[in-house]
Amino acid sequence: MSGLRSFYISLGLLFSVAVSANPEQDFVTATLVDVEDERVLDAIVEAVHQATISAQTSGRVVKINVDVDDTVQKGDVLIQFRDKEQRAAFNAAKAALEEATSEYKRVQDIYAKKLVAKAALDKAEARFKAARAKYDQAKEALENTVVRAPYSGIVVKRHIEVGELARPGQKLMTGLSLEALRANVALPQDMISVVRQNGKATAVMKDGKRVTATKITVSPYADPESHTFQVRLDLPQESLGIYPGMFIKVAFVTGVNKRLLIPASAIARRSEIKAVYVVNEKNLLRFRQVRVGKYIQASNSYEILAGLEEGEKVMLDPVAAAARFKQQEK
């Protein structure tokens, strides 16, 4: 009981805990606490980064390194084109640039000795810049024959096969990243004002775990057919166990009200009945049925809707309380 007693003493901001000389007499005082009201809606998880990669140059596909559902890292080679034409153009542009560079430097040296007119220097400089531009263009075209992953993620669709001739702008692959996820919610119009005002929401997983949205983006207009507002909640990167396309729950804070709370461990369960051991003014125990409301994860407590009043004392440990109750009844 010492560990349990220390735990509830640390919750002094929420509960008033009394510890007597006898550990079995430890109790908590039911207290009215400000609790956030929530409204829970369905949401669909989607990837923040999802894109379709298109061809940036013409070429025949000679190799495809990944397929649908494969995981890729940023920079991995996805597709390779036949690059004979682009490589020839690159080599020619490289040779022309080297020649123009050499000529430009030669004319610069001569001009410095005042053995040639300024017009000759300008002409050599123009040739150098034109050669450099063609080189950069040819280099980019050659690099575009190798298609790389723009970010780490998974491939969800492939739009081309080996042997096909790709044209600039043609779709190649569609992928998404699992590093950044968000929940997409259709928000009823009666909630739009309070959500914009409070700006607080949490995603609720199947196991009950909650993660707080790092950012909430509310659409400035409603859908004309459903009359709902599209809301996107960016989720933290540690949101493990969820993937794009999954349904989850999202709890929006709609206000704050006082609720009568007691620690979850103070509640005794007998089949379908939930009850507590109440300590009266004579330090005697009474076994009393209560109606339990929502669970407050932050304080590991339950809201009591009926059966208990503010200020009444409840035993922390129902097992120890039951033993004491039996001794009391003898």
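Using the six-membered ring where Trp is involved, Y104 and F128 have ring planes that are parallel, under 30° apart on the 30 and 60° scheme.
Within the 4.5 Å cutoff, no side-chain heavy atoms of L121 are placed close to those of V116. Residues L233 and R182 form no side-chain contact, since every pair of their non-hydrogen atoms from C-beta on lies 4.5 Å or further apart. Residues V66 and D76 are not in side-chain contact: their nearest non-hydrogen atoms beyond the backbone lie 4.5 Å or more apart. Taking the side chain as every heavy atom from C-beta outward, N65 and L78 never approach each other to under 4.5 Å. Looking at D67 and R158, their side chains come closer than 4.5 Å, going by heavy atoms from C-beta outward. A 4.5 Å side-chain heavy-atom check between I154 and D69 finds every atom pair outside the cut-off. The shortest side-chain heavy-atom distance between L178 and P244 falls under the 4.5 Å cut-off. The closest side-chain heavy-atom distance from R39 to P188 is below 4.5 Å.
Nearest approach of A275 to Q289, heavy atoms of both residues: CB-CA, 3.8 Å. When every heavy atom of F81 is checked against every heavy atom of A166, the shortest pair comes out as CZ-CB, 3.9 Å. Closest approach of E310 and L260 over heavy atoms only: CA-CD1, 3.7 Å. Shortest non-hydrogen contact noted between S152 and Q73 is OG-OE1, 3.3 Å. Listed here is the closest heavy atom pair of D122 and K118: OD1-NZ, 2.7 Å.
Side-chain N or O atoms of N144 include none that pairs as donor or acceptor with a backbone N or O of T57 at under 3.5 Å. Between the side chain of S177 and the main chain of G153, no donor-acceptor pair closer than 3.5 Å is present. Although no hydrogens or angles enter the test, the distance criterion places a donor-acceptor pair under 3.5 Å between the side chain of R288 and the main chain of G307. For T101 (side chain) and L97 (main-chain N/O), a donor-acceptor pair under 3.5 Å exists by modelled atom type. The main-chain N or O of L284 is found under 3.5 Å from a side-chain atom of N280 such that the two form a donor-acceptor pair. In terms of modelled atom types and a separation under 3.5 Å, the side chain of T214 and the main chain of D234 share a donor-acceptor contact. Side chain of E309 to main chain of A30: no donor-acceptor pair is present (N/O by atom type, distance under 3.5 Å, no hydrogens or angles). Between the side chain of R60 and the backbone N or O of G163, at least one donor-acceptor pair lies under 3.5 Å.
Electrostatic pairing of R132 and D136 counts as a salt bridge here, judged by a charged N lying under 4.0 Å from a carboxylate O. Taking 4.0 Å as the cut-off between side-chain N and carboxylate O, D42 and K249 count as a salt-bridged pair.
Sorted by first and then second residue, the ring pair (Phe, Tyr, Trp, His ring centres under 6.0 Å) pairs involving residues 244-266 (not counting sequence neighbours) form an empty list.
No path of Ile, Leu, Val, Met, Phe, Trp and Tyr side chains, each step under 4.5 Å between heavy atoms, connects L142 with V61, placing them in separate hydrophobic clusters. Hydrophobic cluster membership is shared by I248 and Y243, with clusters built from Ile, Leu, Val, Met, Phe, Trp and Tyr side chains linked at under 4.5 angstrom. Under a hydrophobic-cluster definition in which Ile, Leu, Val, Met, Phe, Trp and Tyr are linked whenever side-chain heavy atoms come within less than 4.5 Å, directly or via other members, V147 and V77 are assigned to different clusters. Linking ILVMFWY residues whenever their side-chain heavy atoms come closer than 4.5 Å, directly or via other members, leaves V253 and L41 in distinct clusters. Taken together through direct or relayed side-chain contacts under 4.5 Å among Ile, Leu, Val, Met, Phe, Trp and Tyr, L32 and I267 form part of one hydrophobic cluster.
The local environment of CD in E99 is sparse, with at most 12 non-hydrogen atoms from other residues, nucleotides or ligands closer than 6.0 Å. Residue-environment remark: CD (Q137) stays at or below the threshold of 12 foreign heavy atoms within 6.0 Å. For E85, the CD atom sits in a loose shell: 12 or fewer heavy atoms of surrounding residues, nucleotides or ligands are nearer than 6.0 Å. The local environment of CD in E140 is sparse, with at most 12 non-hydrogen atoms from other residues, nucleotides or ligands closer than 6.0 Å. Around CG of D190, the count of heavy atoms belonging to other residues, nucleotides or ligands within 6.0 Å exceeds 12.
When each of T29, L285, V314, V28 is paired with V279, the side-chain contact (heavy atoms from CB on, under 4.5 Å) condition holds for L285 and for no other. With I79 as the fixed residue, the side-chain contact (heavy atoms from CB on, under 4.5 Å) test singles out one of R148, M173, K63: M173.
Cation-pi geometry between R196 and F229 is met: the NZ or CZ atom falls under 6.0 Å from the ring centre, inside 45° of the normal.
In this structure, a donor-acceptor pair under 3.5 Å is present between the side chains of Q230 and N184.
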